[in-house]
Amino acid sequence: MTEIVEHQGDNGPETAALVAGGVVNVADFPKPGIQFKDLTPLFADGETFHAVIDSIVEHYTDADGTLAFDTVVGVEARGFVIAAAVAYAARVGVVAVRKAGKLPRVAHSAAYDLEYGQAVLEVSEGAFVAGQRVLVVDDVLATGGTAEATLDLVERAGGVVVGFTVLMELAFLEGRKRLPGRSVHALWTV
């Protein structure tokens with residue numbers, strides 16, 4: 001008997017199924033006991049990647065064709081892939097939020113807690129015009145630490161966050177709880 005799986009996501013079951021179909025589970029990576037969700041097969045499938053990117057842009061486009069954002073921020077590293085594609089499809093710019101020490105100019109920084117320590121993210125000063133509407137994208141929403149730090153960092157740098165989009169949300173880790181009052185958009189919720 002074939003098991004029927006209903007995929008859930010903010011863009012509906014079809015888009016959620018597209019994302020789910022492009023994910024490969026990798027056991028014990030990066031450490032024993034972790035079930036890593038590898039999105040690189042989704043990125044490598046041109047038709048699926050195109051459909052996923054279009055669904056993100058459509059989510060932030062009004063009926064009259066007006067975009068809700070002026071630029072896209074990608075969070076290191078897989079968020080860069082998504083952000084560049086969304087920015088290209090929407091014909092807007094893209095800004096990288098990097099790990100500490102990777103940007104050549106003066107940068108704003110934000111520290112956040114990880115399960116195994118602390119990390120720092122940075123964005124270049126002057127990356128945004130004051131009041132610029134920013135869509136932040138990343139691959140996965142897990143505990144919410146990276147997302148929370150990134151959204152705060154964008155706002156400190158002068159951007160106005162209009163939304164946070166991920167391809168996959170690991171709901172059991174309750175990352176949305178760290179983002180109260182924020183617009184979170186997940187294409188596939190696990």
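- Ala16 and Gly9 get closest at one heavy-atom pair: CB-N, 4.0 Å.
- Side-chain contact between Phe36 and Asn25: absent, with no pair of heavy atoms (C-beta onward) separated by less than 4.5 Å.
- Heavy atoms only, all atoms of each residue included: Ala171 and Thr189 are closest at CB-CG2, 3.7 Å.
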- Item | Derivation of the side chain to side chain donor-acceptor pair (under 3.5 Å) call for Thr165 and Tyr60 | CA-CA 10 Å; Thr165 293; Tyr60 291 98; 2.8 Å; yes
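- A donor-acceptor pair under 3.5 Å is absent between the side-chain atoms of Glu169 and the main chain of Ala186, judged by distance alone.
- Once rounded to the nearest 0.5 Å, the distance linking CZ of Arg176 with OG1 of Thr143 reads 14.5 Å.
- A salt bridge links Arg182 with Asp152; the closest basic N to acidic carboxylate O contact falls under 4.0 Å.
- A 4.5 Å side-chain heavy-atom check between Leu167 and Val140 finds every atom pair outside the cut-off.
- If you take CZ on Phe69 and CD on Gln132, they are separated by 11.5 Å, rounding to the nearest 0.5 Å.
- A donor-acceptor pair is defined here as one N or O able to donate and one able to accept, closer than 3.5 Å; no such pair exists between the side chain of Arg98 and the backbone of Val75.
- In terms of heavy atoms, Leu18 sits closest to Ala51 at CD1-CB, 3.8 Å.
- Cluster membership for Val129 and Val106, using ILVMFWY side-chain heavy atoms within less than 4.5 angstrom, is not shared.
- Grouping the Ile, Leu, Val, Met, Phe, Trp and Tyr side chains by contacts below 4.5 angstrom, directly or via other members, places Phe49 apart from Val94.
- Aromatic ring pairs are classed by plane angle as parallel below 30°, tilted from 30° to 60° and perpendicular above 60°; the pair Trp188 and His7 is perpendicular.
- Note: Phe43 CZ to Arg78 CZ = 7.5 Å, rounded to the nearest 0.5 Å.
- Val136 and Val184 fall within the same hydrophobic cluster, where Ile, Leu, Val, Met, Phe, Trp and Tyr residues are linked whenever their side-chain heavy atoms come under 4.5 Å apart, directly or through other members.
- Proximity of a side-chain donor or acceptor of Thr150 to a complementary backbone N or O of Thr146 within less than 3.5 Å is detected.
- Put simply, the side chain of Val52 reaches to within 4.5 Å of the side chain of Leu187, judged on heavy atoms.
- Under the 4.5 Å side-chain heavy-atom criterion for ILVMFWY residues, no single connected hydrophobic cluster contains both Val73 and Val120.
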- Step-by-step side chain to side chain donor-acceptor pair (under 3.5 Å) determination, Asp10 to His59: CA-CA 9 Å; Asp10 295 333; His59 181 79; over 6 Å; no
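- Between Asp139 and Ile82, some side-chain heavy-atom pair lies under the 4.5 Å cut-off.
- In this structure, the side chains of Val81 and Leu39 stay at 4.5 Å or more apart for every pair of heavy atoms.
- Using a cutoff of 4.0 Å between basic side-chain nitrogens and carboxylate oxygens, Arg91 and Asp70 are not scored as salt-bridged.
- Scanning all heavy atoms of the two residues, the minimum distance from Ala96 to Phe80 falls at CB-CE2, 3.7 Å.
- One distance of note links NE2 of His108 with CG of Leu121; it measures 14.0 Å at 0.5 Å rounding.
- At a threshold of 4.5 Å between non-hydrogen side-chain atoms, the residues Val160 and Val134 do not count as touching.
- Clustering ILVMFWY residues whenever any of their side-chain heavy atoms sit less than 4.5 angstrom apart, transitively, puts Val123 in the very cluster that holds Leu179.
- Here the OH-CD distance, from Tyr112 to Glu148, works out to 11.5 Å after rounding to the nearest 0.5 Å.
- Contact check on Glu122 versus Lys102 returns no salt bridge, with no Lys/Arg side-chain nitrogen under 4.0 Å from an Asp/Glu carboxylate oxygen.
- Looking at heavy atoms from C-beta onward, Met168 lies in side-chain contact with Lys37 at the 4.5 angstrom threshold.
- Note that CZ of Phe128 is 11.5 Å distant from CZ of Arg156, once rounded to the nearest 0.5 Å.
- A donor-acceptor distance shorter than 3.5 angstrom exists from the side chain of Asp45 to the backbone of Glu47, with no hydrogens or angles considered.
- Residue Pro41 comes nearest to Asp38 through the heavy atom pair CD-O, 3.4 Å, listed as atom of the first residue, atom of the second, then distance.
- Put simply, the side chain of Val57 reaches to within 4.5 Å of the side chain of Val86, judged on heavy atoms.
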- Message: Evaluate Asn11 against Ile56 for side chain to side chain contact (heavy atoms under 4.5 Å, CB included), listing each step before the verdict.
- Response: CA-CA 8 Å; Asn11 276 34; Ile56 293 170; over 6 Å; no
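- Taking all atoms of both residues into account, the shortest heavy-atom contact from Leu67 to Ala90 is CD1-O, 3.5 Å.
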